[in-house]
Amino acid sequence: MIREEIPFFNAEKIARSGQCFRWQTVGDDGYTIPAFGKVLRLRQTNPWSIEADCTPNEWKQVWRPYLDLDCDYEAYGASISQQDAYLQAAFQAGWGIRVLHQSLWETMASFIISQNNNIPRIQKSLLTLCGGPEAAFVCPETVAETSEDTLRAAGLGYRAPYLQNAARRYLQDGLSDDLSIGLGEARRYFSSYFGIGPKVADCICLYGLGLKDAFPMDVWVKRILRNHYQGVFPFGQYEGYAGVLQQWMFYYERLLEGRA
DNA sequence: TGCCAGGCTTCAC
DNA sequence: GTGAAGCATGGC
């Protein structure tokens, strides 16, 4: 059992932040977290500490990187302009939300399915595809060989061929979690997939590759930029971590609308 | 019941 | 390059 104090971590908000779709709640303060073929049981014992049921080695090798625990999120928050009342409020509301570093394939598949979709339905489709809440994430080999009709039956609708195509290219191009690539090249590469556009490509860069300059613009974020930034976010002030701010704003906006 | 959803492709202009 | 239509289907 791991017991650790973490200065900036809120499991409940992370689970509701729309970056992962397979976390399950257990009781009031517990979560089962499937990732990288393993399942972690994690409990938030108070606002600054957690318990997790894994070995110290697995904690260090798998879960600390996945939860991005070596990154100083307080410093990101402290850098927010005092003049930016909206972003300050989003930081307060999103306090404890870290940007998960997920497996590349899981991120690709999850966010291909997410397009023009709602979060409960994304979760349901992934549950069906993976075969259970704690099952390993469906692998690209399986998706590549599954019939399009079967994928449609999992609730993917018109996204079924997009996912199948992505699985085949992932395999053909020999992708893996070790992929090392810059943001510009990654955006161009993933946008070249049939069914992946600018938004999903940025989700892959941010959550799957840990490129924190990626800034996924979905309908919520576009609305925020319209209403609070005259349509243009000040990326220049937040070089290297604008994607983290995007995560807090996304969560905050949905919280205000009663959706988080 | 109708609108919406962590958008994208296609086609007209 | 920009804008609108069409897409599947459950959630609210």
Side-chain angles (χ1 to χ4, degrees), chain A residues 13-23 90 93-94 97-129 137 143 146-170 186-229 231-233 242-260:
Chain A
K13 291 183 191 175
I14 292 172
R16 295 171 181 271
S17 69
Q19 54 176 318
C20 52
F21 304 101
R22 300 188 71 219
W23 285 33
I97 297 178
R98 289 172 180 266
V99 172
L100 303 177
H101 193 153
Q102 307 180 53
S103 94
L104 177 58
W105 166 246
E106 174 166 346
T107 310
M108 290 170 63
S110 298
F111 285 93
I112 284 171
I113 294 169
S114 80
Q115 70 172 259
N116 201 30
N117 209 340
N118 58 63
I119 290 174
R121 204 161 80 97
I122 298 163
Q123 293 170 329
K124 196 173 169 185
S125 287
L126 289 174
L127 182 66
T128 304
L129 277 180
F137 195 84
V143 172
T146 302
S147 75
E148 194 178 308
D149 284 346
T150 304
L151 295 177
R152 285 178 183 271
L156 269 62
Y158 66 90
R159 309 165 192 84
Y162 298 169
L163 183 64
Q164 192 163 59
N165 175 269
R168 290 175 177 161
R169 271 197 73 181
Y170 180 95
R187 278 173 165 158
R188 282 191 296 278
Y189 170 71
F190 288 110
S191 297
S192 76
Y193 279 50
F194 177 59
I196 295 181
K199 190 271 177 181
V200 172
D202 264 29
C203 286
I204 294 168
C205 292
L206 182 59
Y207 307 120
L209 298 175
L211 298 172
K212 292 198 176 83
D213 271 317
F215 192 90
M217 287 209 242
D218 73 327
V219 291
W220 294 89
V221 175
K222 286 176 182 170
R223 190 178 309 150
I224 291 166
L225 296 194
R226 267 201 318 275
N227 293 340
H228 300 280
Y229 296 93
V232 185
F233 189 73
V244 175
L245 307 182
Q246 171 272 157
Q247 197 63 42
W248 294 336
M249 291 191 290
F250 176 80
Y251 175 82
Y252 179 49
E253 194 70 12
R254 288 173 53 84
L255 188 67
L256 293 177
E257 297 291 324
R259 302 286 292 277

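In the text below, chain A, chain B and the rest are named by the order of the sequence lines, each starting its count at 1. Every value quoted in this text rests on a predicted model; they were computed, and no experiment measured them. What you see below is based on every heavy atom in this structure, not just the backbone, and it leaves out hydrogens, waters and symmetry mates.
- DNA chain C lies under 4.0 Å from no heavy atom of any residue of residues 193-219 of chain A.
- Under the ring pair (Phe, Tyr, Trp, His ring centres under 6.0 Å) rule, A:F111 has a single partner from A:F190, A:Y207, A:Y193, which is A:Y207.
- Within a 6.0 Å sphere centred on CZ of A:R16, heavy atoms belonging to other residues, nucleotides or ligands number 12 at most.
- B:dT1 and C:dT9 are spaced 15 Å apart, taking the C1' atom of each and rounding to whole Å.
- Residues A:I196 and A:R169 are not in side-chain contact: their nearest non-hydrogen atoms beyond the backbone lie 4.5 Å or more apart.
- Between the side chain of A:Y162 and the base of B:dG7 there is no donor-acceptor pair of N/O atoms closer than 3.5 Å.
- In this structure, the CD atom of A:Q115 is 16 Å from the C1' atom of C:dG10, given to the nearest Å.
- With a 4.5 Å cut-off on side-chain heavy atoms, A:W220 and A:E257 count as touching.
- The minimum heavy-atom distance linking A:A93 with A:L255 is given by the pair CB-CD2, 4.2 Å.
- Atom C1' of nucleotide C:dG3 and atom NZ of A:K222 are separated by 13 Å, given to the nearest angstrom.
- Residue A:R16 places no side-chain N or O under 4.0 Å from the OP1 or OP2 atom of B:dG6.
- Counting only heavy atoms from C-beta outward, the side chains of A:F233 and A:V221 never approach each other to under 4.5 Å.
- Within the nucleic acid shown, A:L156 has no heavy atom closer than 4.0 Å to any nucleic acid atom.
- Comparing C:dG6 with B:dG6, their P atoms are spaced 23 Å from each other, to the whole Å.
- Judged by distance alone, with hydrogens and angles left aside, A:Q246 brings a side-chain donor or acceptor within reach of the base of B:dG6, the pair sitting under 3.5 Å.
- Rounded to an integer number of Å, the gap from CG of A:L127 to C1' of C:dG10 is 15 Å.
- Comparing C:dA5 with B:dC3, their P atoms are spaced 14 Å from each other, to the whole Å.
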Donor-acceptor pairs are to be reported for all side-chain atoms of residues 153-163 of chain A against protein atoms at under 3.5 Å, with residues two or more places apart or in another chain.
unit_1 : atom_1 : unit_2 : atom_2 : d
A:R159 : NE     : A:I113 : O      : 3.3
A:R159 : NE     : A:Q115 : O      : 2.8
A:R159 : NH1    : A:L156 : O      : 2.9
A:R159 : NH2    : A:Q115 : O      : 3.1
A:R159 : NH2    : A:N116 : O      : 3.0

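- Residues A:K124 and A:R152 both approach DNA chain C. Their nearest nucleotides, taken by heavy-atom distance, put A:R152 toward the 5′ side.
- Taking a 4.0 Å limit (strictly below) on heavy-atom distances, residues 248-259 of chain A reaches DNA chain B at A:F250, A:R254, A:R259.
- Within the nucleic acid shown, A:S191 has no heavy atom closer than 4.0 Å to any nucleic acid atom.
- When rounded to the nearest whole Å, the span between CG of A:L163 and P of C:dC7 equals 21 Å.
- The separation between A:E148 atom CD and C:dA8 atom C1' is 12 Å, rounded to whole Å.
- Here the side chains of A:E106 and A:R22 are in contact, with some heavy-atom distance below 4.5 Å.
- Put simply, CE on A:M108 is 18 Å from P on B:dG7, counting in whole angstrom units.
- The interatomic distance linking A:I113 (CD1) with B:dC8 (P) rounds to 14 Å, in whole Å.
- In this structure, A:F111 places its CZ atom 12 Å from P of B:dC8, rounding to the nearest Å.
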Residues A:Y251, A:Q19; criterion side chain to side chain donor-acceptor pair (under 3.5 Å); working and verdict
CA-CA 10 Å; A:Y251 175 82; A:Q19 54 176 318; over 6 Å; no
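- For the C1' atom pair drawn from C:dG10 and B:dT9, the interatomic distance equals 22 Å after rounding to whole Å.
- With values rounded to the nearest 0.5 angstrom, A:R187 atom CZ is found 11.5 Å from A:L209 atom CG.
- Within 4.0 Å (heavy atoms only), A:Q123 reaches no atom of the nucleic acid at all.
- For the pair A:P120 and A:Y158, both in contact range of DNA chain C, the more 5′-proximal nearest nucleotide belongs to A:Y158.
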